[in-house]
2 protein chains.
Amino acid sequence: MKSVKSISRTDEAYARLKDDIRANCLAPGHLEPEPELAARLGMSRTPVHEALIRLEAEGLVEIVPRRGARVLPISADDMREIYEILTALEPEAAACLAARQPSEKEIDPLDQATQDMTDALDKGDLDRWVEADDRFHQTLLRLHGNKRLAAFVGALFDQSHRARMVTLRLREPPIISTAEHRIILEFLRRGDAEGTREAFRKHRQRTSVELISILEDYRLPHL
Amino acid sequence: MKSVKSISRTDEAYARLKDDIRANCLAPGHLEPEPELAARLGMSRTPVHEALIRLEAEGLVEIVPRRGARVLPISADDMREIYEILTALEPEAAACLAARQPSEKEIDPLDQATQDMTDALDKGDLDRWVEADDRFHQTLLRLHGNKRLAAFVGALFDQSHRARMVTLRLREPPIISTAEHRIILEFLRRGDAEGTREAFRKHRQRTSVELISILEDYRLPHL
DNA sequence: AAATATTTTAACGTATACATAGATGTATTT
DNA sequence: AAATACATCTATGTATACGTTAAAATATTT
């Protein structure tokens, strides 16, 4: 049975704009007046404006009075901010999850995600790799159960998505990252909270350094 | 010179509603239709609706289709979520700040805040105590410099404000808390990152346990 | 020609209008 | 009297209208 819950125009505008931003269809820095956006989306200004307020709250756009909405660019400093937070939050959540010894059934989607990462890596499909990577992290937080934490980390993932996609293509395939996920999963299975925390922290610190140095080495100030 | 930057109606509605929620003038769970809110605030529905979208994004209200806006109640579980995040983030940020050896001039507002806490405690002025406590935490994060982190922690403070105010009045005066801030400040001054982190973590863990057990002992499921 | 003043344009903020759909209240039936 | 069906009411979602004001374009002056 299909869930036809008559999506509102505001939700539609929100979803489409967010997708366009993530997919880099709307370039970072791009400024577009509301009437244009409304025309492009085939609706009036009202739902577009409401969607923009939500996107602004999530840190994806900036509403510039009398100019329109700007797609917020991401700088190396932004990535430092984002990864500092992820490094503090995710290992803690993972350790907490490990401590309560999740069942194999709960762990299964994480297992699936790591397999998909390996698979995508073999086939050189980086888009699918990132999708599986995201899925791993989001699933882990969902299992942990702290909704506020999951939502916030999700917003940070959205903000950094474009930059991650670009840098991923400027470096060697993410073999180490994939392996680290498998290690984290193994500690989780064993219910080893400390091991999980440290493995996750190491993973985040490494990816953080790697990502930011690419941004700086390639002189990519804004993505 | 007065900064008369002609505040927008949306901003006005946002600020007034947020203040009313923080001050418990709008009871938790309270549901009010937009037209009523608009009439009360002396403006049309549009800016009220836009303010509500922002407040919803910040986790203070929930927009219920065809019913109006509900002031979100805070449960013991919500407080667990919030304090888990604060415990992970704040000690990390404080340690990082300590590591870069802030100047005495930078530290001064923190010093001021702890003095104000001591002062308020002596005079039994709990409102002022909470204000100074909030100021300490927000100032520390501002000094640390991670804007996303500061904004998110600020939102969590707003969400938990009512519950903190109530529980504060159901227990002994916050002598230990006040002292702990002084200790954290001392480690900061010395540039002792590890000491700062541990002192802060201990502070958060203690306040967390204290607060949540009051909520549960007094059977206060929602505030 | 460059700089300034003026006019024109247009985007936003806000109010209002209206259709829809859910909630409330009333009447009817059993 | 309780339950159900019907009618009314009302809040929302969305479109549209309009005044204000910033930006852009044009004209004017130096």
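In what follows, chains are A, B, ... by sequence order, proteins preceding strands, each numbered from 1.
Atom CG in B/Asp11 sits about 16 Å away from atom P in C/dC12, given to the nearest Å. Atom CZ in B/Arg66 sits roughly 5 Å away from atom C1' in D/dT12 (whole-Å rounding). One interatomic measurement links the two molecules: CZ of B/Arg9 to P of C/dT16, which rounds to 10 Å at whole-angstrom precision. To the nearest angstrom, P of C/dA21 lies 18 Å from CZ of B/Arg67. Atom-to-atom, OH of B/Tyr14 to P of C/dG13 comes out at 17 Å; the value is rounded to the nearest Å.
Between the CG atom of B/Leu72 and the CG atom of B/Leu55 there is a distance of 10.0 Å, given to the nearest 0.5 Å.
A heavy atom lying under 4.0 Å from DNA chain C marks the following residues of residues 40-61 of chain A, by number: A/Arg45, A/His49.
Axis angle, first five pairs versus last five pairs of the helix from C/dA1-D/dT30 to C/dT30-D/dA1: 0°, rounded to 10°.
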For this session: Go through the steps to decide whether B/Gln205 and B/His203 satisfy the test side-chain hydrogen bond (donor to acceptor under 3.5 Å, both in side chains), and finish with yes or no.
Result: CA-CA 6 Å; B/Gln205 281 171 338; B/His203 170 57; over 6 Å; no

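In the set D/dA24, D/dA11, C/dC12, C/dC12 carries the atom at the smallest distance from any side-chain atom of A/Pro35. If you check C/dT14, D/dA24, C/dA23 against the side chain of B/Thr10, the one that comes closest is C/dT14.
Checked against salt bridge (charged side-chain N to carboxylate O under 4.0 Å, His left out), B/Asp108 has no partners two or more places apart in sequence or in another chain. Residues passing the ring-ring contact (aromatic ring centres under 6.0 Å, His included) test with A/Phe136, sequence neighbours excluded: A/His181. In terms of the salt bridge (charged side-chain N to carboxylate O under 4.0 Å, His left out) criterion, residue partners of B/Arg204 (sequence neighbours excluded) are, by chain and number, B/Glu90. Taking the salt bridge (charged side-chain N to carboxylate O under 4.0 Å, His left out) definition, one finds that A/Asp11 meets it with A/Arg54, sequence neighbours left out.
A cation-pi contact, defined as under 6.0 Å to the ring centre and within 45° of the axis, links A/Arg164 to A/Phe157.
Atom CZ of A/Arg169 is surrounded by more than 12 heavy atoms from other residues, nucleotides or ligands within 6.0 Å.
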